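Input: a single structure, listed below in structure tokens.
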Amino acid sequence: MNIFDAYQRRLAAVIERLSAEGQLPPGLDLSRVVVEPPRDAAHGDLATNAAMVLAKDAKTNPRALAETLASALRAENGVARVEVAGPGFINLTLTPALLQDVLGAAVRAGEAFGRSSAGKGEKINVEYVSANPTGPMHVGHGRGAVFGDALANLLAAAGYDVTREYYINDAGAQVDVLARSAYLRYREALGEDIGAIPEGLYPGDYLKPVGTMLADRFGRSLLAAPEAEWLPIVRNVAIDAMMDMIRDDLAALGIHHDVFFSERTLHGENGGAIKAAIDDLQAHGYVYVGRVPPPKGQLPEDWEDREQLLFRATDVGDDIDRPLMKSDGSYTYFAADVAYLRDKHERGFEHLVYVLGADHGGYVKRLQAVGRAIGGPELEVTVLLCQLVRLLRGGEQVRMSKRAGDFVTLREVIDEVGRDAVRFMMLFRKNDATLDFDLAKVVEQSKDNPVFYVQYAHARCASVFRQAREVFPDLDTAPAALEKAQFDRLSDEAEVDIIKRVAQYPRALEAAAAAREPHRVAFFLHDLASAFHSLWNKGKDAPELRFVNQTDRDSTLARLALVHAVRSVLASGLAILGVAAPEEMR
RNA sequence: GGCCCCGUAGCUCAGCUGGAUAGAGCAGCAGCCUUCUAAGCUGUUGGUCGCAGGUUCGAAUCCUGCCGGGGUCGCCA
């Protein structure tokens, strides 16, 4: 139940009626009309810009049109007051009865309140994490992982058919390097002194268990074999081990993908899916042999101007055409991307979301270009970049140096501060802003720590119910009973404010999903928690406002309904963020 | 040099896809613990929304150009 949608539809009906009656011209374009909460609560519950955006087409001025619409809206059900303000805003104040109906709906729906069918069941593919299988995940990967996962939850709540996907970059030179690095650890495991790890190989200790595993499984049999023979074997074992490690790390964050897609499967026999994709592009005139202009500014030292197979990306919005084939005749990483995108398209997805790190900024245009070339205008390709994470401890930056092999891993951070803190803090910032993550702050149990603050509000809700059961042992506090409470008892300003916030939750979820911005959910919850803590505290000065009132059963029941609604919204939002909603803080 | 992101209060950030007098938290200042958990709450000080133009009824938001910070730029993935 989204009151903003509901009144937008009523407004449209009113305009249509006035058109039919000849008071307004027919066929007005309502696409720019919005019904939204006014910034200032003093302006009522709903505000619309209808008069201002329609005035020109209606051949009148905004104030006059606003007055016309306002008098028609006064007759609408649930409307207590209509005012025209400023340049032509129409402000609606809803009746207490209508707000109480919304509260009743929220109580009835529980944690399902706010879910919608805005996505119309359309198939959407969210690809996230996709960390290379060459080592443990670091904190930057963690941000993309958490963001992608919360976004997927959010889109599911908004009525999309969501597939969560992980692209395994298990082809190319990097996994050969991984294999050689693991082979070295294998020799080490067999007792050899390997000395320092040579430049160009992965130095991290995390490969030692892989070496041991290889030694256990193959004994000394790989020692005498030529590289061409052992490399594919070691590579497979090492990739599997790395993916197991990554899956463990993701599980520690509560993240589970539906599909793990291997890049290597795109290569296959005779060029496989990549060749098929390029042939497809070629058939549509998107492929040619030509030269790429060198980058402006500083020219790479080994730059060699040569002809190569190119994707005509500039025809579909990119800045330059993109190489599909390397000088050794093998396909570029980008060529595999083309095949992968084509595969997703053939699996029937209408929306493709890529969650990438900030260092992939250069990829946005070319992925969208491929999307247009392969899927046409119906295929929506959205690339969301997660900016860098700065890891701090008490304000001091913690260095994350991958070269030294001793970088801070995601796992270490999860083990130190817990899943909930990692997830919430990663989501308490826009994805395109850099994020300071302070290991000291996120474990503080204080209002400075938003994770704690929101979880505490949920725990307090639970605490109210525990208290109520003690004071009124025979009181039925099940949702079915709460729904029948006397909501008109909730007349204090702070109580009404909370009802209004609850009423805004469905709209907030829809807007967050449409904008692909899960952080809005986190901020909404923080605001709701703040309003709830505030009401809680009011009961200190005004005992009659306390949730549980020994001498007033009816008020208690009504307030329990309110608390139940708050709790449901907090639980629903936290579930989308993938953060626990505790019954009590310990 | 090209492209992408960021620039809002002393600090950290929101700002609901163009709305009304730009909002929170922290820090500062002034208050609130015989309490339904003070792990919290109330009040208050503080802004030329980087700068300059433009678009329109209306701009922190959209467009252009600058300034500052970060990222990235064929044959790595």
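Since the model is a prediction, treat every value here as computed from it, not as a measurement. Each chain gets a letter, A, B and so on, in the order the sequences are listed, and its residues count up from 1.
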Would you say A/Tyr453 places a side-chain N or O within less than 4.0 Å of OP1 or OP2 belonging to B/rC41? yes
Please work out the stems of RNA chain B from pairs that are Watson-Crick or G-U wobble with both distances under 3.5 Å, keeping only runs of three or more consecutive pairs. B:1-7 with B:67-73, B:10-13 with B:23-26, B:28-32 with B:40-44, B:50-54 with B:62-66
Here the distance between atom C1' of B/rA20 and atom CG of A/Asn91, to the nearest Å, is 9 Å
Could you tell me whether the phosphate oxygens of B/rG74, OP1 or OP2, come under 4.0 Å of any side-chain nitrogen or oxygen in A/Thr332? no
To the nearest Å, give me how far apart NZ (A/Lys326) and P (B/rG74) are. 13 Å
Please state whether the rings of A/His526 and A/Phe428 are parallel, tilted or perpendicular, taking 30° and 60° as the class boundaries. tilted
Tell me, yes or no, whether the heavy-atom count around A/Arg81 atom CZ, taken from other residues, nucleotides or ligands under 6.0 Å, exceeds 12. no
Base-contact (B) and sugar-phosphate-only (S) positions in nucleotides 56-71 of chain B, heavy-atom cut-off under 4.0 Å, - elsewhere: -S--B----------S
Between B/rU61 and B/rA20, how far apart are the two C1' atoms, rounded to whole Å? 15 Å
Short side-chain N/O contact from A/Lys430 to OP1 or OP2 of B/rA14, under 4.0 Å: yes
When rounded to whole Å, the CG to C1' distance for the pair A/Leu356 and B/rC76 reads 16 Å
Rounded to whole Å, the CG-C1' distance (A/Leu385 to B/rC6) equals 13 Å
Atom CG of A/Asp319 and atom P of B/rC4: how far apart are they, to the nearest Å? 7 Å
Take atom P in B/rG18 and the same atom in B/rC62, then report the distance between them in whole Å. 8 Å
With a 3.5 Å cut-off and heavy atoms only, can you find an N or O donor on one side and an acceptor on the other between the side chain of A/Tyr167 and the base of B/rA77? no
Hey, is the side chain of A/Arg507 pairing donor to acceptor with the base of B/rC16 inside 3.5 Å? yes
Does the cation-pi check pass for A/Arg520 over A/Phe523, that is, NZ or CZ under 6.0 Å from the six-membered ring centre and within 45° of its axis? no
If you measure from the C1' atom in B/rG25 to the same atom in B/rG46, how many Å do you get, rounded? 14 Å
Below the 4.0 Å mark, does B/rG2 have OP1 or OP2 next to a side-chain nitrogen or oxygen of A/Lys365? no
Closest approach of A/Ala131 and A/Tyr166, non-hydrogen atoms and distance? O-OH, 2.7 Å
Do the rings of A/Tyr167 and A/Tyr340 sit parallel, tilted or perpendicular, given the 30° and 60° boundaries? parallel
Say we look at B/rC66 and B/rC3: how far apart would their P atoms be, to the nearest angstrom? 10 Å
Do A/Phe532 and A/Phe547 make the cut of ring centroids closer than 6.0 angstrom? yes
